[in-house]
Number of protein chains: 2
Amino acid sequence: MTVDVDSPAESGARRGSGAVFAPLYRQIKQLLVASLEQGEWKPGELIPSELELAHRFQVSQGTVRKAVDELAAANLLVRRQGKGTFVATHHEPRAQFRFLRIVPDAGEAVPAESRFLECRRLKAPAEIARQLQLKTGDPVVYVRRLLFLSGKPVVLDDIWLPGALFKGLTSERLARYHGPLYGLFESEFDTRMIRAQEQLRAVAADATVARLLQVPKDSPLLLVDRVSFSYGDRPVEVRRGLCVTTAHHYRNALY
Amino acid sequence: MTVDVDSPAESGARRGSGAVFAPLYRQIKQLLVASLEQGEWKPGELIPSELELAHRFQVSQGTVRKAVDELAAANLLVRRQGKGTFVATHHEPRAQFRFLRIVPDAGEAVPAESRFLECRRLKAPAEIARQLQLKTGDPVVYVRRLLFLSGKPVVLDDIWLPGALFKGLTSERLARYHGPLYGLFESEFDTRMIRAQEQLRAVAADATVARLLQVPKDSPLLLVDRVSFSYGDRPVEVRRGLCVTTAHHYRNALY
DNA sequence: TAGTGGTCTAGACCACATA
DNA sequence: ATGTGGTCTAGACCACTAG
């Protein structure tokens, strides 16, 4: 399910040898991930057919299929019968709500609208640096934005990104863009968010936050601390969201 | 992934006919779920081998394998190489943390301890009845309990269960039991929780809750509204948890 | 040694999309 | 008509478990 880096993974595809540390299809999977990471196929693009990949890697179609199956289950690839297999993208509407879990209590989920309040470079505080696997003081981009749902401010996000990856990111660039933030990141900065880990807590609104979210001071807010990862489990975003949950909630499914 | 009820599902397993509404392996899957639901194999028990099931259903081993794969992915079955395939159970430690998402900010997840405050029968309020797909006034069992982590009260749960399914459930029965609640439900009441849907919000503690959780009145608490489902997407539990998130948090993974 | 799930293959046919 | 993924089969062999 996850994007494991679970073995040395030789390139030689020998059948059932025993000297190989991972099953063939896992090796194929890692080769495909490597191609995705290196940008051989961009988000939204068609990848080669199963038969073509089978020839390339000198394995049977069934083995490629199993590798692709796992990548599709992990939302890295999307299969479309009759058309082919595509690299998943944060631009397709289907992917919108994978990382946006705040939905209205009643009615349909509505596309969110962003207002960017701040965007500036700064030296990473210790805690942020740790989470991004950087050194304290390394350059990071800091973004503060308000998320509006049905015209009401609902979420205040503070976002930290590694400066090295997001060089051209500015207030103007953000203001011009409309759509999911992760879409922008993948199109303009070659950084694709694959998975994220979140910690949720309830906190009281301080004066500044209360003003921005138009709620009374000390109102209970849902705090969502997120670290997002790209290929190879590299952390590439720290996000701290404060959500008003009077008319919205965070939805989750347990299996 | 989910336990779909996605077709009329004939029992006849004819190969690639076209008159059949679901692929063979989906039909097999539904037949397996039916056997689980009817208790042919109990939680923790070994189910027949793939070859045996293939003979029973008159399909190839590969088709059974695909059906079992999906059921294992949905956590209904557990495969153990060399031993066989087992019915998943809430008793095995592996399953504990699937439905308990509250973990300490630091240190390892510790087994939770329950103190039951109340357990009584009552007529279902409208909202609870709706969520349990009962009629208002139908009998339900109401349970209130405190969850302790490392000796501290952390979660106050209010739980509603269909009275028809939980006839013998009493305070004494609960007090005697140690372990996960869903383990008790599956062993003693033949009701297995398969999946759940949650809504999270931040709220302020009222006087009663504050006293029970040993926090100041109006402290921000994490409210977790859960509906749990058994086989066939039958709702069988409504749970409303209030969590102190000063030293703990709700953890979640996004893919 | 025997039985189980796990991997891999090769080939057939179906369902869907496009030209 | 062609090419894609989706399903199904049959058979071989591997890895793990237990008697």
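Residue numbers start from 1 in every chain, and the chains themselves are labelled A, B, ... in the order their sequence lines are given, proteins ahead of strands.
- Across the protein-nucleic acid pair, A:L24 atom CG and D:dA15 atom C1' stand 15 Å apart, rounded to whole Å.
- Across the protein-nucleic acid pair, B:D69 atom CG and C:dC8 atom P stand 14 Å apart, rounded to whole Å.
- By the 4.0 Å N-to-carboxylate-O rule, A:D225 lies too far from A:R239 to be salt-bridged with it.
- Rounded to whole angstrom, the span from the CD atom of A:Q61 across to the P atom of D:dT9 amounts to 17 Å.
- The nucleotide whose nearest atom lies closest to any side-chain atom of B:Y25 is, among C:dT7, D:dT7, C:dT9, D:dT7.
- Look at CZ on A:R26: it is 15 Å from C1' on C:dC8, rounded to the nearest Å.
- Close to C:dC8, at under 4.0 Å from its OP1 or OP2, lies no side-chain N or O of A:S60.
- In this structure, A:F86 places its CZ atom 17 Å from P of D:dG3, rounding to the nearest Å.
- Residue A:R65 places at least one side-chain N or O closer than 4.0 Å to OP1 or OP2 of D:dG6.
- What separates CG of B:L77 from P of C:dT4 is a distance of 16 Å, to the nearest Å.
- Residue A:K83 has no polar side-chain atom (N or O) positioned under 4.0 Å from OP1 or OP2 of D:dG3.
- Rounded to 10 degrees, the angle separating the terminal axes of the helix from C:dT1-D:dA18 to C:dT18-D:dA1 is 10°, with each axis obtained from five end pairs.
- A:S49 has no side-chain polar atom (N or O) that falls below the 4.0 Å cut-off from OP1 or OP2 of D:dG3.
- A salt bridge links B:E70 to B:R26: at least one charged side-chain nitrogen sits closer than 4.0 Å to a carboxylate oxygen.
- What separates NZ of A:K66 from P of C:dT9 is a distance of 12 Å, to the nearest Å.
- Taking 4.0 Å as the cut-off between side-chain N and carboxylate O, A:R56 and A:E40 count as a salt-bridged pair.
- With ring centers used as reference points, B:F166 lies under 6.0 Å from B:F185.
- In summary, A:E37 and A:R192 do not engage in a salt bridge, as defined by a charged side-chain N under 4.0 Å from a carboxylate O.
- Side chain to side chain, A:Y177 and A:E172 fail the donor-acceptor criterion of an N or O pair below 3.5 Å.
- Checking A:T63 against A:Q81, the closest nucleotide of DNA chain C that is more toward the 5' end is the one next to A:T63.
- With rounding to whole Å, A:H55 atom NE2 is found 13 Å from C:dT9 atom C1'.
- By the 4.0 Å N-to-carboxylate-O rule, A:R80 lies close enough to A:E92 to be salt-bridged with it.
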